[in-house]
Every structure is written in C-alpha cells, then in structure tokens.
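Inspection log for the structure reproduced underneath, given as structure tokens.
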Protein chains: 2
Amino acid sequence: MTGKENEPAFRGYGRSLPMALLRARDTVMNRFRPILRAHDITEQQFRILRALTSANELRAVDVSKSTLLSPPSLSRTIKGLEQRGLISRRMEQDDQRAFLLSISKKGAALVAKIGQQSEAEYLDIESRIGAKKMDQLHKLLTEVDEKI
Amino acid sequence: MTGKENEPAFRGYGRSLPMALLRARDTVMNRFRPILRAHDITEQQFRILRALTSANELRAVDVSKSTLLSPPSLSRTIKGLEQRGLISRRMEQDDQRAFLLSISKKGAALVAKIGQQSEAEYLDIESRIGAKKMDQLHKLLTEVDEKI
DNA sequence: TATCAACAGTTAACATATCAACTAAATTCT
DNA sequence: AGAATTTAGTTGATATGTTAACTGTTGATA
C-alpha cells in the first residue's frame, strides 16, 4: 500500500491551481459585483478606468497589458467609455500609430466612488482572513507572476 | 507626515485581490493553453471533462457549480462534447427535470492524456515556487473560498 | 387535492472574448 | 534610400458569457 492507489493519473480539482485561482476570484468578486452593477460598470470597464487612474496618460497597449484585456476587447470597450465621457484619447505626437488614454474628471469621480464603497468590502474580507494572511497571499500571487 | 499622502482613495492595482488572482491565473494558464489547444479543447470544455472524471455521474447543476460555468454556458458546451463523443447524458429516473452526465472512454482518455502532459508543467511550476509555498497558496485560496 | 413556490434545464437577446486578417506607421536591415 | 519586419490599433467572423424569460417538473402548503 502506497496510499496512492486511488489517485487519478491527472490532477483533480483539489490540486488544480488555475481552478483554485478562478474559484477564489469568483468568491471575492461576489462582493464587488453589486457595487459595479449599481454604477452600471462592467468588470472590464472598471479595470480600464482604474488602470488609467494610476497614471496621467497611458498608451492603449499598456492598458491592454495591465488590464489583461486583449487589444480587440480593449478597442471596443474604450468606445463606450469615451461615449460616456469617462475617458478621453489624444494622438501621440511622436508615434502616429498610437494614442494616449486618460481618465476624465467624471471617470475619476466614478472610480473614487466605487473605490470608496469597495473599501468596506476589502476591510471585511481582511478582517475575515487576517491582514497577515492577506499579505502572504498577495506575496505568493506576485511570486507566481514573477517566477512562472 | 503619515507616509500615506500619495495613496489613492481607492485600492491601486497592487492591492486589488481580484486583479492579483486574475493575473496569477493568466500566468499559470499560459503554461497549459498550448496543451489544451493541441487537443482542440477549450478551457471550459476541459473544466467540464475533468469535473466528470471525479465521479461516475453528475447532475448538470452540480457540474455547473463545480466548474463555475453558468447553466446556459454549460448547456451549450455540453452539446459539443456530446457530439464529439466525449461525454454522454441519461435521464434521471427519480427526477424527470434533471439528467446525469458521465464521461466516455474517449473523454477519459483525452483527459488522461492532457493531464499527463500538464503534469510536467505542474512539476516545473512547483519546482520554481517550492512545494511548501504551493501548499501555502492552495491553503490560502481555500480559506478565501470558505471565509469570504 | 389544488395551488403556488422552487428547481432543472433551455432558449433568446445581447454583450464580451478570441482569432485571424487587415491598415498604417515606425524600425530594422541591407 | 528602399525593402522587409515589427508594432499599434482596428475590424470581421465566430464562440462564449450573461441576463431574463420560458417550459416542464417537483415539492411545499393550505
């Protein structure tokens, strides 16, 4: 008896890292989805808006990378955000292919509002998991990004 | 000086747990996507197939829950898998509303093959992160599911 | 038992994702 | 300089995701 007779030839759900990450993200997002929804913003839209609050201006390609949205998705999502006056674009002088995106005051206000409401959820999450473990988790996730 | 003057009113990318989870999952999936693709299987299809290898028969609703696929998505994805002969369904006697899904031999063979190829990637990932930290990560992710 | 609520699964309508192919501009190479 | 390659972004075709509404059970309630 090796104790492994009944193990499948492949990794079951319990040891599937992608599945564990997906499940955890889904669980966490359950907290934030109502907030986004109340402001009529999708997850993807919010990712873009928040990325743009981290800098004055960003190239679309950089937003694409930092939000993990594919260029086509980004291209289409941007249109709606522009039409709603949440972001704006301007051509880049040095490179006629590219343009720079920036968040509008209205957009920044929306992100601030959503961020404010989200903070309550974050604090509750942190109180349930513990600040130390949350820190550990963030570190491990960063490590996955950097080493894999 | 509190050292926090320049912090945004909302959580930046660095402290966004959903984003960190998404990013980590994307990084890990980069390893597995080529394998799935080589077998002409999507991530979602594989989630279903693997869920079905964990039991003889499962109700669609249970597959939906364990794969995190919405009932409509599952409903449509199942059709393709059935047509490819990878799974089969039969009506449940006790409940005429439901049916039971099971994986076929062909499906099981496919999952085994993919699982085998994936294992090499898993081992490499584990060697880069370390078994202890991988364990920690899994534990933390489980904790998020259970406590949030 | 008749009614009503809850549940399993599907369908339809619409939004988003993905992949390949494309335009146009910038880089690199010779 | 001129040709080939790379890069930024878009578009089209198709697949998948999402929400709401729907059919047909089953279960609870009165």
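Every chain is numbered from 1, with letters handed out A, B, ... down the list of sequences.
Toward the 5′ end of DNA chain D lies the nearest nucleotide of B:Thr77, the other residue of the pair B:Gln93 and B:Thr77 mapping further downstream.
For the pair A:Leu86 and A:Gln45, the minimum side-chain heavy-atom distance is 4.5 Å or more. The side-chain heavy atoms of B:Ile114 and B:Arg50, taken from C-beta on, include no pair separated by under 4.5 Å. For the pair B:Asn30 and B:Arg33, the minimum side-chain heavy-atom distance is below 4.5 Å.
Rounded to whole Å, the distance from CD on A:Gln45 to P on C:dA15 is 11 Å. One can place CG of A:Asp40 at 16 Å from P of D:dT18, the figure rounded to the nearest angstrom. Rounded to an integer number of Å, the gap from A:Gln44 CD to C:dT18 C1' is 13 Å. Look at CG on B:Leu36: it is 16 Å from C1' on C:dC19, rounded to the nearest Å. Counting to the nearest Å, the C1' atom of C:dA25 and the CG atom of A:Asp94 are 13 Å from each other. Rounding to whole angstrom units, CG of residue A:Leu68 and P of C:dT16 are separated by 18 Å.
A:Arg23 places a side-chain N or O within 3.5 Å of a backbone atom of B:Ser66 that can act as its donor or acceptor partner.
Residue B:Arg33 is out of contact with every strand shown, counting any heavy-atom pair closer than 4.0 Å. Across all strands shown, A:Ser64 has no heavy atoms under 4.0 Å from either base or sugar-phosphate atoms.
Base pairing of D:dA28: its partner is C:dT3, meeting the Watson-Crick or G-U wobble criterion (both donor-acceptor distances under 3.5 Å).
Using a 4.0 Å cut-off between charged nitrogen and carboxylate oxygen, B:Asp124 and A:Lys147 do not count as a salt-bridge pair. Of the charged side-chain nitrogens involved, at least one lies within less than 4.0 Å of a carboxylate oxygen, so that A:Glu43 and A:Arg25 count as a salt-bridged pair.
Considering only side-chain atoms of A:Gln96, the nucleotide from D:dG17, C:dA26, D:dA20 that sits closest is C:dA26.
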Review point. Which parts of nucleotides 5-12 of chain D does protein reach within less than 4.0 Å, heavy atoms only, written one letter per nucleotide 5' to 3' as B for base, S for sugar-phosphate only and - for none?
Key: --BSSBBB

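Taking all atoms of both residues into account, the shortest heavy-atom contact from A:Val144 to B:Thr27 is O-CG2, 3.8 Å.
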